[in-house]
Number of protein chains: 2
Amino acid sequence: MSVRHPGVSTDDCPVREILDRVGDKWSVPIVVLLGERGHRFNELHRRIDGISQRMLTLTLRTLARDGLVSRTVHASVPPRVDYELTELGRTLLVPVRALDEWAREHRDDIRAARQRHDAG
Amino acid sequence: MSVRHPGVSTDDCPVREILDRVGDKWSVPIVVLLGERGHRFNELHRRIDGISQRMLTLTLRTLARDGLVSRTVHASVPPRVDYELTELGRTLLVPVRALDEWAREHRDDIRAARQRHDAG
DNA sequence: GGGGTTACTAACAATAGGTAACCTAGGAGC
DNA sequence: GCTCCTAGGTTACCTATTGTTAGTAACCCC
């Protein structure tokens with residue numbers, strides 16, 4: 001814990017705080033789809049390959065808690081719940097898309113590096 | 001698995017692939033410090049608050065496998081190992097910094113939203 | 001009463017991450 | 001000659017978190 005070399009603690013590293021929220025398995029796919037347009041629960045469930053109902057519930061709940069997603073219940077029958085990005089959620093879309101673009105550009109580089117590594 | 005509504009599967013979502021690598025607890029702090037300059041093993045160990053030797057080893061190993069970090073062993077006594085970002089690793093710094101900037105700008109919004117949520 | 005919609009819970013499995021002890025090799029102290 | 005120190009790990013073991021499957025509830029339409 002040097003003072004001259006200030007280190008990276010969780011407290012003074014906001015990006016870690018964000019990745020703790022958004023770096024989980026499902027937040028980014030949800031945010032990306034909601035960035036496209038609002039979705040209903042089962043609509044998300046159908047479009048996100050492999051997600052379980054439980055994880056969709058939990059992840060939407062966390063995103064709503066953090067003010068990134070809004071949840072609107074319509075008192076209709078059958079019940080209907082719409083999820084959308086909030087203003088804050090839409091701003092998050094910008095760096096997420098930057099990461100997405102990087103990923104698309106460099107996924108082959110990473111795969112190649114991994115193969116070189118595993119072979120050599 | 002609708003065909004008309006192409007969903008987000010892990011296969012066609014490169015950003016998920018990246019977050020599976022880099023969304024863990026320690027990769028980003030390491031990449032950020034190495035973006036500053038090259039570091040030796042124990043230098044990283046000292047500057048990253050709370051990381052264990054084991055996790056530092058494991059994370060550096062994965063980053064090296066994916067071609068993001070280079071590892072140079074000097075055959076001296078005591079041994080000396082330098083870690084640096086590769087060219088690929090330096091390009092990753094760009095979107096990571098975008099996320100970092102977002103995090104710094106909006107951490108208060110998220111904290112406020114969470115408090116509102118937990119209170120209400 | 002069967003089925004679609006939204007959601008919750010319990011029970012369980014897999015993974016991530018932490019702790020602590022040990023290894024290597026040479027040099028210093030004694 | 002023996003012990004301890006250092007840098008950079010490895011190994012074994014344990015727990016906490018994450019995620020899965022499956023089952024249930026409630027609601028109302030047909």
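The sequence lines fix the lettering, A, B, ..., with proteins before strands; numbering per chain opens at 1.
A heavy-atom distance below 4.5 Å is found between the side chains of V22(B) and V28(B). Under the 4.5 Å side-chain criterion, counting only non-hydrogen atoms from C-beta, R61(B) is not in contact with H117(A).
Residue R40(A) contributes atom CZ, which lies 10 Å from atom P of dA7(C) at whole-angstrom precision. For Q53(B) and dT11(D), the CD to C1' distance is 13 Å, given to the nearest whole Å. At whole-Å resolution of the value, NE2 in H74(A) and P in dT5(C) are 15 Å apart. As rounded to whole Å, 11 Å separates atom P of dT6(C) from atom NE2 of H45(A). Protein atom CG of L56(B) is 14 Å distant from nucleotide atom P of dA7(D), rounded to whole Å. Atom CZ in R61(A) sits about 8 Å away from atom C1' in dC8(C), given to the nearest Å. Between R71(B) atom CZ and dA7(D) atom P the separation is 16 Å, expressed in whole Å. Distance F41(A) CZ to dC27(D) P: 19 Å, rounded to the nearest Å.
Contact check on R104(B) versus D100(B) returns a salt bridge, with a Lys/Arg side-chain nitrogen under 4.0 Å from an Asp/Glu carboxylate oxygen. Using a 4.0 Å cut-off between charged side-chain N and carboxylate O, R65(B) and D118(A) make a salt bridge. One finds no salt bridge joining R90(B) and E84(B) here, because no Lys/Arg side-chain nitrogen approaches an Asp/Glu carboxylate oxygen to under 4.0 Å. Using a 4.0 Å cut-off between charged nitrogen and carboxylate oxygen, D109(A) and R107(A) do not count as a salt-bridge pair.
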Please write out the pairs of protein N or O atoms and N or O atoms of nucleotides 13-20 of chain D separated by less than 3.5 Å, giving the distance to one decimal.
residue: dG19(D); atom: OP1; partner: K25(A); partner atom: N; Å: 3.2
residue: dG19(D); atom: N7; partner: R54(A); partner atom: NH2; Å: 3.0
residue: dT20(D); atom: OP2; partner: S52(A); partner atom: OG; Å: 3.4
residue: dT20(D); atom: O4; partner: R54(A); partner atom: NE; Å: 2.6

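A ring-ring contact (aromatic ring centres under 6.0 Å, His included) check over residues 28-87 of chain B, counting only residues at least two apart or in different chains, returns nothing.
Considering only the side chain of T57(A), dA7(C) comes nearest among dA7(C), dG8(D), dG9(D).
Residues V73(B) and V77(B) are members of separate hydrophobic clusters, defined by side-chain heavy-atom contacts under 4.5 angstrom among Ile, Leu, Val, Met, Phe, Trp and Tyr.
In this structure, the helix from dG1(C)-dC30(D) to dC30(C)-dG1(D) shows an angle of 20° between the axis at its start and the axis at its end, each fitted on 5 base pairs and rounded to 10°.
Exactly one residue among L63(A), I30(A), L85(A) makes a side chain to side chain contact (heavy atoms under 4.5 Å, CB included) with L68(A). That residue is L63(A).
A close approach under 4.0 Å does occur between a side-chain nitrogen or oxygen of Y83(B) and OP1 or OP2 of dG9(D).
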